[in-house]
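To find a chain, count down the sequence lines: A is the first, B the second, and so on, and within it residues start at 1. Nothing here was measured: the structure is a model prediction, and the numbers come from that model.
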Amino acid sequence: MAHLLSEDSQLVKDWASDQDAFKGVSWGKAMMWIFLLSDTFIFSSFLVGYMTVRMSVTEPWPNASEVFALTIAGHHIPLILIAIMTFILITSSGTMAMAVNMGYARKRKQAARLMFVTALLGASFVGMQAFEWTKLIEEGVRPWGNPFGAAQFGSTFFMVTGFHGLHVSAGVIYLLIVARKIQLGHYEKEGNYQIVEIAGLYWHFVDLVWVFIFAFFYLW
Amino acid sequence: MSTSNALGQESQEHNTQEHPIGLYLKIWVLLFVLSTLSYMVDYMQLQGYLRWTLIIIFMLLKAGLIVAVFMHMMWERLALIYAILLPPLCLLVLIGLMAIEADYTILMRYDFFGR
Amino acid sequence: MPLAIALILIVVLSVLFQVFTPWWSTPVASNWGHIDDTLVITGLITGVVFIAVNIFIAVAIIRYRHREGHKADYQPENKKLEWTLIGLTTLGIVGMLAPGLFVYSEFVDVPEEADHFEVVGQQWQWSFRFPGEDGVLGHADNRFITPDNPFGLKPDDPNGADDRLVLSNEVHLPLNRPVKVLMRSKDVLHDFYVPQFRAKMDLVPGTVSYFWFTPTRPGQFEILCAELCGVGHYNMRGKVVVETERAYREWMAGLPTFAKLQEGTTLTDSSDLSFEELVEQGRQLSQAQGCIGCHSLDGSPTPGPTWLNLYGKQEELADGSSVLVDDGYLREAIVNPNSQIVKGFAPMMPPYPFTDVQLDATVAFIKSLSDKAPNQEGDTQ
Amino acid sequence: MNEPQSFWTKYVWSQDHKVIAVQYSITAIVAGIVALVLSVLMRMQLGFPDSVPFMDSEAYYQAMTLHGMIMVIYLLTALFLGGFGNYMIPLMVGARDMVFPYLNMLSYWFYLLSVIVLMASFFVPGGPTGAGWTLYPPQAILTGTPGTDWGIITMLISLAIFIVAATMGGLNYVTTVLQARCRGMTLMRMPLTVWGIFVATIMALLAFPALFVSAVMMLFDKLLGTSFFMPAVVSMGQALDYDGGSPVLFQHLFWFFGHPEVYIVALPAFGIVSDLISVHARKNIFGFRMMVWAIVFIGVLSFVVWAHHMYVSGMNPYFGFFFAITTLVIAVPTAIKVYNWVLTLWRGDIHLTVPMLYAIAFISTFVIGGLTGLFLGNVIVDIPLSDTYFVVAHFHMVMGVSPILVIFGAIYHWYPKITGRMLNDTIGKTHFWITFIGTYAIYFPMHYLGILGMPRRYYAYENYEFIPQSAHDLNSFISAMAIVVAVAQVLYIYNLFWSYWKGKEAGPNPWGATSLEWQTPQTPPVHGNWGEKLPEVHRWAYDYSVPGYDEDFVPQTQPQPEDRPAGEMA
């Protein structure tokens with residue numbers, strides 16, 4: 001720690017320098033990071049709200065493992081849909097990371113193609129979420145109550161996954177726009193493909209949030 | 001973006017985040033494994049502290065990998081890393097106190113409402 | 001220069017105001033005199049700082065105001081001075097915080113021997129519950145509230161049967177006995193506040209809050225609501241009577257128990273009841289349902305029209321027409337309140353789906369409050 | 001440089017930070033005037049009951065709620081961040097504009113939309129919400145409170161839109177300060193104005209999320225029947241379908257936003273007033289480093305003190321110890337700031353210009369507001385005082401009067417740069433004296449009503465035995481003073497208009513200030529701010545009365561002489 005704060009550490013030098021504190025970070029990327037920081041607080045507040053109501057209701061909390069189970073080919077498998085959604089989102093993060101790599105390698109076509117794949121995976125995630133919502137609504141889960149236990153189960157489920165789903169949907173649109181622009185060669189002139197990395201930051205963040213939702217809402 | 005450039009962003013040395021594809025693939029596989037493990041926690045019906053510890057460990061490992069590698073945090077300069085990672089710490093105070101508060105509420109409810 | 005004078009004047013006038021003010025804490029009537037002491041300590045320390053800073057500015061303005069040829073000193077920082085000031089400030093903070101936390105630890109630590117009773121709030125009235133012989137309050141929850149069970153006592157909890165209920169906004173407490181106040185709300189946040197006791201706490205629906213105190217002075221004290229609770233907030237009044245142990249016991253003996261109330265309030269058929277009995281039923285019903293939170297019984301202004309001399313009166317309505325307040329109008333106004341709004345009042349009363357018997361009782365009670373009501377005897381339709 | 005040409009692109013759909021700043025400021029001030037009128041109506045009712053015919057208890061609570069909400073969010077936050085932040089940051093750090101001007105423009109239009117939605121709540125069925133600016137559930141969405149059908153919905157939606165606007169603006173401000181400074185402009189050479197706004201903006205980005213989330217959750221409680229904040233309740237004799245929620249959770253989330261919010265307003269004011277004092281005392285700000293660290297320290301600490309607003313809320317009572325300690329610790333950096341302001345005056349060359357009058361008045365009122373905060377932060381002292389007029393007096397002194405005095409002073413100080421003309425001194429002084437003395441007369445005695453025990457948020461105080469007649473008389477006096485002060489604000493507005501056309505020509509640097517915004521090639525600065533070449537900074541912003549120079553100020557752009565090594569603070 002002492003080393004980190006000493007006068008000649010890179011940390012102190014960067015902060016004490018003129019013009020920019022984040023060396024080599026473009027305006028867009030800096031802004032995206034700061035936005036994600038703010039968004040972290042939004043999701044954390046949602047999850048804190050969820051934690052508090054879950055801990056303070058006297059009704060029993062439904063067993064997520066059961067509620068989200070599917071019967072496939074006669075087998076009753078707990079949480080299987082959620083597991084698949086998790087894998088899809090992780091896969092999309094992987095393709096996104098490769099798109100960033102292609103962008104920096106100036107492989108325009110591949111970058112755009114990988115981004116389209118990412119968007120497709122994202123869209124299928126949203127599709128599965130829609131399926132999950134439909135299933136739960138058919139089973140009688142509503143924001144104000146459900147047949148399995150505490151009413152807040154439904155409220156927080158729709159609120160938290162809904163908000164995350166909105167983020168994914170927005171991300172899909174964002175990725176599509178950027179990918180299209182790359183295809184059309186909009187960034188060719190400046191030769192700077194950092195936009196892919198910025199879009200990637202957002203996309204990975206959405207994945208990151210899902211990691212927490214998966215752990216706290218579905219597994220806990 | 002274009003508007004900002006119109007006003008002239010000073011040229012800066014962009015430290016491009018170029019890393020070998022192989023690394024991404026490795027992380028990808030690792031994330032798959034971790035997700036499977038955390039799924040297995042539920043599938044095996046582990047309960048109690050063991051369950052919660054495992055869930056948290058796998059969650060933090062996954063989150064760490066995504067932030068560090070996919071979001072390139074480990075290659076960023078310390079100035080950015082600290083600026084992004086320190087502020088969420090104050091959320092820990094909120095989380096901790098709200099856990100205590102929720103606990104207090106449920107105790108009151110059991111004590112006085114008799115449910 | 002005028003500014004320097006103004007600042008000095010502000011200091012002088014503030015100090016004079018402080019010394020001669022007729023507006024100061026009400027005389028304390030509980031054991032929380034220590035709270036007043038912490039207030040005085042804080043007042044002294046902050047007062048010194050207030051005077052010092054203002055006078056310092058005034059002197060600086062006088063000494064260093066702009067004159068031709070004068071130039072300011074160049075002194076970016078003075079580490080020693082700054083750290084001295086930080087040290088002094090910390091000292092002052094500790095001086096306020098330490099006694100404060102000490103008294104607060106007394107405040108949250110309820111003595112073993114303390115009695116307890118419950119305050120229940122609803123828009124906009126108070127009611128109270130005492131534990132009865134067994135010394136234990138029965139479980140109670142808003143989910144059990146019915147017209148017959150206004151406190152929402154858990155019907156099958158044996159501890160609740162002997163609980164003594166106060167359906168009016170007046171509570172009695174014995175002198176010099178520590179008491180823990182448990183608080184609960186039926187609808188929104190309220191705050192049980194008696195200025196002379198110093199302590200106050202919110203009533204929160206969905207949980208129970210508490211504080212404790214020992215009344216140290218006999219007398220009657222006003223209860224106020226100190227947490228915004230809707231349009232009637234400013235009029236949510238009550239009374240604490242602090243009296244000798246004996247008087248308190250007598251008062252307590254007159255209170256109905258929960259078990260007794262349950263037997264008595266099941267309204268059956270109004271034709272069996274005398275007018276007086278009906279009026280009494282109506283009184284209890286309108287307290288339980290919160291009617292008197294909005295409709296005063298003594299003519300004082302409240303969110304809804306007062307019930308004093310209401311019956312038989314010509315009311316002007318919001319649409320300009322007028323109507324005679326009779327049985328029919330009152331019954332309609334309870335079941336479907338927003339159909340005919342009295343001029344000057346907001347359409348905010350919710351419909352009360354009363355049974356015929358309940359309507360009879362309520363109307364009879366309103367009638368009993370009016371000297372214009374014709375033939376009080378028997379006419380209950 | 002694509003200079004916008006038509007009136008519409010230049011003044012309406014403008015992406016120039018300076019125009020956006022003025023748009024923000026004008027909108028905020030108009031909203032503020034509405035809130036001021038509401039406060040006069042309330043004071044009329046309190047001082048002279050039943051003097052305003054339509055002021056029934058319902059209208060009173062609606063006025064009270066909207067007054068508080070507009071003043072805190074739509075006036076103060078918007079004016080300091082959207083107004084001053086927008087105007088000052090690029091000019092003071094030597095940037096051509098905000099880093100993303102288009103987003104900056106969107107930020108304003110979203111803000112305007114939020115104000116329009118808010119104002120629309122006056123006309124929706126049931127009127128605006130009367131739940132108090134804290135919007136505590138359950139009462140905010142239950143019958144018995146005005147505006148529970150449409151008022152509360154428009155209020156929450158307006159807040160959500162405001163948060164979107166604040167986020168878009170805030171991202172710009174923070175990124176601009178971090179990444180778009182000119183050569184030589186290190187963080188430690190930035191004027192304190194920028195520091196205050198910078199830290200406040202970071203706090204806004206991290207605190208508004210909690211408000212956003214609680215607004216969303218309350219909207220769901222209201223519209224979908226969820227029970228986040230709603231336990232089982234029996235409202236007006238009707239058992240409702242809610243169950244299991246926790247009203248205290250809302251309060252925690254609200255104040256997790258709400259306390260940082262206090263400093264979101266205060267920190268820019270701290271920064272600006274530091275600069276005003278330094279410029280007009282012709283002396284460097286005393287203890288600059290300490291001032292910066294105090295701002296940062298206050299910013300961080302303000303995230304762990306929130307529940308000192310909830311000492312009597314029925315939360316876990318043991319929280320009182322934790323929050324009393326953190327709250328009183330925050331008093332130390334705040335006190336340092338006060339010491340450094342007054343020590344800046346000491347041995348200065350104090351020009352009692354109108355901005356300086358406001359600045360000094362700020363110190364005096366802020367000291368009262370800050371010191372009374374020590375009463376309310378110390379949990380046991382707070383218990384008798386909470387929810388009384390003491391609280392009203394405290395937060396009006398600390399969050400109402402003092403930041404507003406800074407705003408008056410700041411507008412006076414920078415008006416010449418914005419318009420090229422000076423404001424009128426005579427009107428300025430008249431306005432200053434009425435406002436300063438008037439607010440003292442309003443709020444100083446009000447503390448004593450609180451100590452007496454008069455609860456706040458009361459529509460009337462009829463027949464309370466513990467309130468003597470003299471207290472009612474004092475209340476009337478306070479109301480009379482409030483009306484005088486409110487009316488006096490017309491002077492300031494008049495001054496703004498009159499001087500725009502008739503004011504004295506200002507020249508580029510009328511106060512002889514060192515910071516960058518006074519060194520622009522044109523006054524008012526044109527689009528792009530700096531002409532061909534960005535400025536270069538060679539020293540901190542506080543080189544006033546430096547020994548060895550003829551002038552009593554050395555602009556930041558002036559290079560250090562060869563023979564003089566850069567000084568400690570340069």
Side-chain angles (χ1 to χ4, degrees), chain C residues 21-26 35 38-39 42 46 50 53-54 56-57 60-61 64-66 70-74 76-77 82 85 89-90 93 96-97 100 103-104 108 123 142-143 145 186-189 195 198-202 204-206 209 222 224 226 228-231 234 289-290 346 350 352, chain D residues 57-58 132 136 138-139 142-145 231-238 247 282-284 287 290 312-314 317 320 328 331-332 335 339 342 345-351 364 367 371 374-375 378-381 384 387 448 451-453 455 457-460 465-466 470-471 545-547 569:
Chain C
T21 180
W23 305 293
W24 195 248
S25 307
T26 46
I35 293 187
T38 57
L39 187 100
T42 314
T46 54
F50 169 71
V53 171
N54 277 296
F56 188 90
I57 300 175
I61 293 175
Y64 302 108
R65 68 183 186 282
H66 175 65
H70 175 73
K71 203 169 179 183
D73 273 13
Y74 185 78
E77 45 193 21
E82 286 175 61
L85 286 171
T89 311
T90 312
I93 297 290
M96 287 179 275
L97 194 55
V103 178
Y104 187 64
V108 291
Q123 285 168 328
N142 287 346
R143 293 195 292 190
I145 292 177
K186 289 187 196 174
D187 38 37
V188 302
L189 302 174
R198 300 299 184 260
K200 66 159 83 78
M201 191 57 71
D202 279 10
V204 185
S209 51
E222 287 162 304
L224 291 78
L228 179 56
C229 58
V231 286
Y234 67 100
Q289 293 287 342
Y352 282 75
Chain D
S57 110
E58 201 164 323
Y136 280 177
Q139 65 127 347
L142 288 187
T143 31
T145 303
V233 292
V234 178
S235 170
M236 304 282 168
Q238 313 290 308
R282 316 304 300 157
K283 184 162 173 278
N284 62 70
M290 205 66 107
V312 298
S313 70
L328 265 67
V332 176
Y339 301 147
V342 298
L345 294 175
W346 198 251
R347 296 184 190 285
D349 175 22
I350 302 170
H351 290 59
S364 183
V367 163
L371 291 174
L374 293 170
F375 289 72
N378 199 352
V379 51
I380 194 72
V381 190
D387 289 308
Y448 291 84
I451 294 176
L452 172 68
R457 294 178 159 180
Y458 266 35
Y459 163 70
E465 277 166 38
F466 77 99
S470 64
S545 306
V546 184
M569 298 305 296

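- Residue contact with chain D, scored on non-hydrogen atoms closer than 4.5 Å, involves the backbone and the side chain of C:V103 alike.
- With a 4.5 angstrom heavy-atom cutoff, C:I145 touches chain D only via side-chain atoms.
- Legend: residues meeting salt bridge (Lys or Arg N to Asp or Glu O under 4.0 Å) with C:R65, ordered by chain and number and at least two apart, are absent.
- For chain D, the nearby part of C:N54 is the side chain; its heavy atoms alone come within less than 4.5 Å.
- Considering only heavy-atom pairs separated by less than 4.5 Å from chain C, the leading option among D:G132, D:G314, D:S235, D:A460 is D:A460.
- Using bins of under 30°, 30° to 60° and over 60° for the plane-to-plane angle, the ring pair C:Y234/D:Y459 lands in the perpendicular bin.
- The contact between D:L142 and chain C is made entirely by side chain atoms (from C-beta outward), counting heavy-atom distances below 4.5 Å.
- With a 4.5 angstrom heavy-atom cutoff, D:V367 touches chain C only via side-chain atoms.
- With chain C as partner, the option from D:A335, D:P247, D:P455 having the largest number of non-hydrogen pairs under 4.5 angstrom is D:P247.
- Formation of a donor-acceptor pair under 3.5 Å by the C:H70 side chain with backbone atoms of D:G348 is found in this model.
- Contacts between C:T21 and chain D at a heavy-atom distance below 4.5 Å involve the side chain alone, from C-beta outward.
- Under the 3.5 Å distance criterion, the side-chain polar atoms of C:S209 are matched with a main-chain donor or acceptor of C:D202.
- Looking only at distances, a side-chain donor or acceptor of C:Q123 sits under 3.5 Å from a matching main-chain atom of C:C229.
- Partners of D:F375 by ring-ring contact (aromatic ring centres under 6.0 Å, His included), not counting sequence neighbours, listed by chain and number: D:F390.
- Inter-residue side-chain proximity for C:K71 and D:D349 is flagged as unmet; no heavy-atom pair is nearer than 4.5 Å.
- Contacts of D:F466 with chain C are made by both backbone and side-chain atoms, with heavy-atom separations under 4.5 Å.
- Interface remark: D:E465 contributes backbone and side-chain atoms alike to the contact with chain C (heavy atom separation under 4.5 Å).
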